[in-house]
There are 2 protein chains.
Amino acid sequence: MVTASESDRRMRRRSAVRDRILDAAWRLARRDGVAAVSLRNLAREVDLTQPALYSYFAAKNALYDAMFAQGCEQLLATVTERRYGPEPRQAVKQMVADLVRFCAADLARAQLLFERPVPTFEPTPESYQLAIRFFDVGSELLARAGASDPAHRDIFTALIGGLISQQISNEPGGDRWTRHADEVVDMFLDHVNRRKDSP
Amino acid sequence: MVTASESDRRMRRRSAVRDRILDAAWRLARRDGVAAVSLRNLAREVDLTQPALYSYFAAKNALYDAMFAQGCEQLLATVTERRYGPEPRQAVKQMVADLVRFCAADLARAQLLFERPVPTFEPTPESYQLAIRFFDVGSELLARAGASDPAHRDIFTALIGGLISQQISNEPGGDRWTRHADEVVDMFLDHVNRRKDSP
DNA sequence: GTCTATACATCGATAGAC
DNA sequence: GTCTATCGATGTATAGAC
């Protein structure tokens with residue numbers, strides 16, 4: 001007979017192995033690139049055989065999806081736990097700075113979240129929902145700073161995404177582009193608020 | 001004995017086959033994505049066997065490099081033949097509009113030039129030189145509009161690149177992001193020139 | 001659950017005959 | 001230059017023993 005505590009232990013153990021697999025996948029992704037993670041290498045890394053991975057992930061894209069969700073949760077935790085000050089413009093700058101730091105801290109993670117390093121992989125709607133929650137936090141802060149127009153939100157996304165993407169692609173590890181984040185935020189908010197005051 | 005005209009015919013023929021291969025590669029890239037171009041499909045498309053392609057391109061990345069160079073030449077031709085009006089701000093807007101049109105006209109080409117659709121491929125210095133020449137044209141126009149500071153050039157690159165990249169990734173074929181190009185140019189040039197007038 | 005073993009399809013790339 | 005044949009790698013998936 002299977003008692004509740006037995007099944008509990010089983011679940012725990014299963015989840016622990018799953019986490020070890022994910023950790024190893026991140027390690028390989030950081031070393032060789034997200035797209036270069038192979039199931040055979042991954043299995044060797046956690047002392048399993050390649051077919052055994054299918055007990056934890058139904059397919060390789062399910063592994064990527066779990067990584068995507070994990071990255072989103074980390075990003076969400078970063079901006080949720082943070083208390084952004086009452087001054088709206090400063091709050092936006094702090095949030096952008098957190099995002100820049102988040103990306104610089106793990107380029108593979110940033111690539112998986114914001115670029116498309118694996119052409120055949122698209123996050124499931126469930127995982128993507130986590131990404132949307134992050135955008136919602138940003139939208140809230142933006143709105144308080146005077147940019148509630150969806151068009152302005154799109155522009156802002158493109159501006160910040162552009163800085164980060166140029167940084168990752170052309171000078172990973174540096175700050176040639178991202179160091180201008182504050183200036184771009186100021187430029188953008190000045191622009192938005194000027195338009196509102198004198199239309 | 002090999003006469004000059006015979007060797008000439010041979011070169012011509014070789015170059016013609018090479019062009020047919022490149023055309024087919026672009027066709028496949030537009031249909032299936034840049035990364036999904038396979039040498040076997042490509043060979044079938046031009047009625048050759050897969051190993052025969054190695055007579056024309058030393059490796060798959062050499063094919064990508066030739067495509068990259070071709071795309072750069074087309075972009076360079078677009079902005080070089082154009083006569084951008086004497087009003088600097090208008091000229092920058094026209095150049096950005098040309099760039100947006102260029103990208104929208106062939107998403108696969110834009111991806112190969114401005115994103116990194118094939119993780120293992122990096123353009124050779126020779127090909128990248130063509131890309132630099134395009135940037136130089138843009139820098140010239142930007143400088144005339146008051147943005148000659150390298151830092152400002154970096155910011156501008158990120159802003160426009162961000163708009164185009166968001167557009168390609170999230171809504172290929174639409175203009176949700178790129179339609180704001182003129183507004184972003186104005187915002188940027190206002191910002192740059194304001195800083196200069198009142199420091 | 002995990003293993004061994006195997007299978008199928010794809011891919012880039014190479015050797016050697018012609 | 002082009003072919004046939006082949007190599008080693010990949011992702012994916014399954015069967016069957018333990």
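Reminder, nothing fancy here: chain letters follow the sequence lines and each chain counts from 1.
Nucleic acid contact for B:R14: sugar-phosphate only, since backbone atoms but no base atoms lie under 4.0 Å from a heavy atom of the residue. If you check every strand for non-hydrogen atoms under 4.0 Å, B:V37 touches sugar and phosphate atoms only.
Annotation: A:E122, atom CD; neighbour count of heavy atoms from other residues, nucleotides and ligands within 6.0 Å does not exceed 12.
Side chain of A:E171 to backbone of A:R176: a donor-acceptor contact under 3.5 angstrom is found.
Under the 30°/60° scheme for interplanar angles, the aromatic rings of A:F121 and A:Y64 are found to be tilted. Taking the six-membered ring where tryptophan is involved, the planes of A:F156 and A:F188 are tilted, since the angle between them lies from 30° to 60°.
Between A:D186 and A:K93 there is a salt bridge, with a side-chain nitrogen of the basic residue lying less than 4.0 Å from a carboxylate oxygen of the acidic one. Classification of B:R179 and A:D154 as a salt-bridged pair fails, no side-chain N sitting under 4.0 Å from a carboxylate O. The existence of a salt bridge linking B:D23 and B:R27 is excluded, since no basic side-chain nitrogen approaches an acidic carboxylate oxygen closer than 4.0 Å. Under a 4.0 Å N-O distance rule, the pair A:R101/A:D98 qualifies as a salt bridge.
The distance from atom CZ of A:R40 to atom P of D:dA13 is 13 Å, rounded to the nearest whole Å. We find that OH of B:Y64 is positioned 11 Å from C1' of C:dC11, with the value rounded to whole Å. Atom CZ of A:R18 is separated from atom C1' of C:dT2 by 18 Å (rounded to the nearest Å). As a whole-Å value, the separation of A:R20 CZ from C:dT2 P is 10 Å.
With the end axes of the helix from C:dG1-D:dC18 to C:dC18-D:dG1 each set by five pairs, the angle from one to the other reads 10° at 10° resolution.
Within residues 41-62 of chain A, the residues approached by DNA chain D to less than 4.0 Å at the level of any non-hydrogen atom are A:Q50, A:P51, A:Y54, A:A58, A:K60, in residue-number order.
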